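Reading through the structure tokens given below for one structure.
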Amino acid sequence: MNFSEVFKLSSQLCRFSPDGKYLASCVQYRLVVRDVSSLQVLQLYTCLDQIQHLEWSADSLFILCAMYKRGLVQVWSLEQPEWHCRIDEGSAGLVASCWSPDGRHILNTTEFHLRITVWSLCTKSVSYIKYPKACQQGVAFSRDGRYLALAERRDCKDYVSIFVCSNWQLLRHFGTDTQDLAGIEWAPNGCVLAAWDTCLEYKILLYSLDGRLLAAYCAYEWSLGIKSVAWSPSSQFLAVGSYDGKVRVLNHVTWKVLTELGHPAAISDPRVVVYKEAEKGPRGTLGHPVCPPPRTAESKYEIASVPVSLQTLKPAADRANPKIGVGTLAFSPDNYFLATRNDNIPNAVWIWDVRKLRLFVVLEHLSPVRSFQWDPQQPRLAICTGGSKVYLWSPAGCVSVQVPGEGEFQVLSLCWHLNGDTVALFSKDHFCLCFLEMEEGVGTALGPLGNHT
């Protein structure tokens with residue numbers, strides 16, 4: 001496993017191009033485009049202000065840079081560096097900007113969510129979409145890029161409009177039976193749209209492309225409800241994480257619950273493998289050192305004997321957004337595994353076997369988990385906890401990897417390359433690439449207790 005040199009970065013704005021050939025990063029008002037294989041700088045662009053959002057077009061030919069404070073969007077061409085586009089929303093302001101799936105239209109959301117402006121790079125025409133709702137996930141494109149679903153708020157009621165992306169014509173418009181619509185998301189096959197209510201009301205609704213209500217599900221009442229939602233890659237399962245610490249998995253045939261996955265603080269099932277991160281003590285042994293270890297102390301995973309008690313966090317009951325419930329969940333690309341994080345057991349990542357609908361592995365770390373993401377090509381999970389290590393798990397085992405460097409590189413988030421052979425690691429002001437060597441016979445891990453520093 002090798003690491004690149006460390007590069008400067010602002011606001012963790014660093015993105016691989018969709019074709020995997022380029023890496024774009026931002027340093028204040030400068031946009032740097034590098035070749036992924038050599039990390040050589042290919043283009044350097046200068047924007048009019050500090051960049052706050054960065055996004056590639058789907059064909060990797062253009063890069064969008066949004067400067068929300070100035071209400072500006074600048075677009076740069078990779079093939080024609082001398083060409084550029086500037087979009088100024090003026091007094092309307094700007095709070096969000098994104099590409100359409102064809103990579104030739106830009107959708108800008110104005111301040112106070114008064115409207116969405118659709119700008120065409122080809123014809124320079126402008127279209128307007130009214131009443132967008134200010135919610136967590138209010139804009140959703142279907143995976144094939146044909147349709148846009150938009151959450152709307154009109155006359156104190158929630159609606160969803162579906163537009164055809166080729167001409168931005170309205171296809172369907174229908175009301176949703178929600179108190180305060182919190183988000184929408186298409187199934188990967190584009191046949192079903194999931195819509196869920198505010199956390200104060202447990203309700204998730206499934207709609208067809210023509211706006212028919214296929215099913216509605218409510219697990220309980222009079223308590224905090226849905227916290228996270230994720231479709232499986234096959235569109236067969238919909239996982240719903242809740243504030244009660246459970247994940248409910250719905251099936252795509254009847255939309256009934258297949259199973260409830262709980263997150264208890266004690267693991268007693270002997271079939272579950274529990275990996276605990278341990279630091280090396282002063283005499284080279286693993287465990288809890290006598291003195292506080294240095295921040296760069298080596299660590300590795302140990303297999304714990306069940307029953308195992310996990311470290312829990314008592315949430316503050318008098319504060320908003322309590323740290324309870326399943327706040328993060330993600331399916332592996334092969335549909336075999338589901339990774340979850342229960343926010344009041346912050347140091348642990350739970351990995352579930354989707355085929356057997358049971359808990360498979362628990363990884364407990366010394367610090368709270370900040371982020372995790374699946375390899376796009378295989379069931380391999382990368383995890384970071386805000387320290388100087390990155391953790392990898394696969395069915396073959398797991399490994400703790402020290403990020404080298406003289407200074408302390410704190411990994412706050414990460415992102416996989418399309419091919420699954422590289423992981424970009426982000427700290428507050430820097431980034432580096434971690435190259436995973438795929439030598440014959442080595443595989444993706446060094447065995448169930450492998451360590452690589």
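We count residues from 1, following the sequence as given. This structure is a prediction, so every number in the text was calculated from the model and none was measured.
Taking the six-membered ring for Trp, His252 and Trp231 have ring centres at least 6.0 Å apart. A distance below 6.0 Å separates the ring centres of Tyr301 and His365. Aromatic pair Phe337/Phe360: centroids less than 6.0 angstrom apart.
Between Val257 and Val249 the shortest side-chain heavy-atom distance does not fall below 4.5 Å. Within the 4.5 Å cutoff, no side-chain heavy atoms of Pro233 are placed close to those of Pro188. Gln311 has its side chain out of reach of Ile345: every pair of non-hydrogen atoms, C-beta onward, lies at least 4.5 Å apart. Counting heavy atoms from C-beta outward, Tyr22 and Gln43 have side chains that stay 4.5 Å or more apart.
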Report task. Just do the side-chain contact (heavy atoms from CB on, under 4.5 Å) check on Cys165 and Ser100 with the steps written out, would you? Result -> CA-CA 8 Å; Cys165 293; Ser100 67; 5.8 Å; no

Requested in this report: Check the pair Asp177, Lys203 against salt bridge (Lys or Arg N to Asp or Glu O under 4.0 Å), reporting the backbone distance first and the verdict last.
Outcome: CA-CA 9 Å; Asp177 185 20; Lys203 182 181 291 185; 3.5 Å; yes

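Residues His84 and Ser77 have side chains that never bring a donor and an acceptor to within less than 3.5 angstrom of each other. Checking Tyr202 against Ser242 by side-chain atom types alone, a donor-acceptor pair falls below 3.5 Å. Using a 3.5 Å distance cut-off with no hydrogens or angles, the side chains of Asp158 and Thr178 do pair a donor with an acceptor.
Not a single salt bridge (charged side-chain N to carboxylate O under 4.0 Å, His left out) links Asp429 to another residue, sequence neighbours left out.
Within the model, atoms CD of Gln50 and OH of Tyr68 stand 13.0 Å from one another, a figure rounded to the nearest 0.5 Å. For the atom pair CD (Gln402) and NZ (Lys300), the distance works out to 15.0 Å, reported to the nearest 0.5 Å. Here Gln169 contributes atom CD and Ser127 contributes atom OG; the two are 8.5 Å apart, rounded to the nearest 0.5 Å. Taken from CG in Leu107 to CZ in Phe163, the straight-line distance is 10.0 Å, to the nearest 0.5 Å. Atom CD1 of Ile204 is separated from atom CD1 of Ile226 by 4.5 Å, given to the nearest 0.5 angstrom. Note that the CG atom of Leu193 and the CZ atom of Phe174 stand 6.0 Å from one another [nearest 0.5 Å].
Side chain of Trp374 to main chain of Ala330: a donor-acceptor pair is present (N/O by atom type, distance under 3.5 Å, no hydrogens or angles).
For the pair Arg30 and Tyr45, the NZ or CZ position fails the cation-pi test of under 6.0 Å to the six-membered ring centre and within 45 degrees of the ring normal. With Phe7 as the aromatic partner, Arg34 meets the cation-pi criteria of under 6.0 angstrom to the ring centre and within 45 degrees of the ring axis.
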